Amino acid sequence: MRNVRYNSDGLVPAISQDEDTREVLMLAWMDEEALRRTLTTGKATYWSRSRQEYWVKGETSGNHQAVVDVALDCDGDTILVTVRQTGAACHTGNRTCFFSPLTAEDAQ
């Protein structure tokens with residue numbers, strides 16, 4: 001895809017954000033095919049590095065991400081997917097994957 005700068009593994013990080021709350025829901029990875037599928041189907045599609053396969057968010061969990069907008073950052077190396085999230089975004093059952101705060105004490 002033009003202007004997208006994939007890493008050496010052919011992947012680009014994709015951040016999903018809730019359309020209404022603007023909450024950052026999760027970070028996953030896309031290759032060119034996952035991005036193409038996301039853009040053409042309106043369903044957030046990612047590349048699973050651990051399973052080495054494509055996955056449509058919510059296909060097995062029922063927690064779908066309907067794509068509202070897809071944007072590329074200024075460097076071309078990160079994608080922002082604005083979505084309408086149904087249910088939890090995180091595989092742990094949490095609304096977002098970002099629920100573990102870090103503090104200065106963690107840096108010690």
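Position 1 is the first residue of the sequence; numbering continues from there. Being a predicted model, the structure only gives us computed values, none of them experimental.
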Single-linkage hydrophobic cluster, 4.5 Å side-chain cutoff, [X] and [Y] together:
| X | Y | result |
| --- | --- | --- |
| Phe98 | Ile79 | no |
| Leu27 | Met30 | no |
| Leu11 | Ile15 | yes |

Go through the steps for Ser16 and Gln65 under the test side chain to side chain donor-acceptor pair (under 3.5 Å), then give the verdict.
CA-CA 9 Å; Ser16 66; Gln65 290 181 342; 3.3 Å; yes
Could you grab the distance from atom [atom1] of [X] to atom [atom2] of [Y], nearest 0.5 Å is fine?
| X | Y | atom1 | atom2 | result |
| --- | --- | --- | --- | --- |
| Trp55 | Thr60 | CH2 | OG1 | 9.0 Å |
| Asp9 | Asn7 | CG | CG | 5.0 Å |
| Lys57 | Thr45 | NZ | OG1 | 12.0 Å |
| Asp18 | Thr96 | CG | OG1 | 9.5 Å |

I need the minimum non-hydrogen distance between [X] and [Y], along with the two atoms involved.
| X | Y | result |
| --- | --- | --- |
| Met26 | Cys97 | CB-SG, 3.5 Å |
| Glu19 | Val68 | OE2-CG1, 3.5 Å |
| Arg37 | Thr41 | O-OG1, 2.6 Å |
| Asn63 | Gln85 | O-NE2, 3.5 Å |
| Ala104 | Gln108 | O-NE2, 3.3 Å |
| Leu25 | Arg95 | CD2-O, 3.7 Å |

Could you go through Thr38 and Tyr46, starting from their C-alpha distance and side-chain angles, then the distance that decides it, and tell me whether this counts as side chain to side chain contact (heavy atoms under 4.5 Å, CB included)?
CA-CA 8 Å; Thr38 297; Tyr46 303 102; 6.0 Å; no
Can you name the side-chain contact (heavy atoms from CB on, under 4.5 Å) partners of Leu39, sequence neighbours left out?
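Listed in chain order: Met1, Leu35, Val70.
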What residues, two or more places apart in sequence or in another chain, satisfy side-chain contact (heavy atoms from CB on, under 4.5 Å) together with Thr92?
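Thr92 satisfies side-chain contact (heavy atoms from CB on, under 4.5 Å) with Cys90, Asn94, Phe99 only.
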Name the orientation class of the two ring planes belonging to Trp47 and Tyr54 (parallel below 30°, tilted from 30 to 60°, perpendicular beyond 60°).
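Rings of Trp47 and Tyr54: perpendicular, over 60°.
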Kindly determine whether Leu72 and Val4 satisfy side chain to side chain contact (heavy atoms under 4.5 Å, CB included), including the steps that lead there.
CA-CA 7 Å; Leu72 187 62; Val4 179; 4.1 Å; yes
With sequence neighbours left out, what residues match Asp31 under salt bridge (Lys or Arg N to Asp or Glu O under 4.0 Å)?
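If we apply the salt bridge (Lys or Arg N to Asp or Glu O under 4.0 Å) test to Asp31, skipping adjacent residues, there are no hits.
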Does the side chain of Glu23 come within less than 4.5 Å of Gln17's, by heavy atoms?
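Heavy-atom side-chain distance check fails, nothing below 4.5 Å.
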Test side chain to side chain contact (heavy atoms under 4.5 Å, CB included) applied to Val12 and Tyr6, step by step:
CA-CA 5 Å; Val12 62; Tyr6 298 94; 3.8 Å; yes
Worked verdict on Arg36 versus Glu32 for salt bridge (charged side-chain N to carboxylate O under 4.0 Å, His left out):
CA-CA 6 Å; Arg36 185 193 65 73; Glu32 189 171 356; over 6 Å; no
Determine yes or no for a side-chain-to-main-chain donor-acceptor pair under 3.5 angstrom, with Thr78 supplying the side chain and Gly76 the backbone.
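No; zero donor-acceptor contacts below 3.5 Å.
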Side chain to side chain contact (heavy atoms under 4.5 Å, CB included) evaluation trace for His64 with Lys43:
CA-CA 8 Å; His64 299 276; Lys43 298 177 182 178; over 6 Å; no
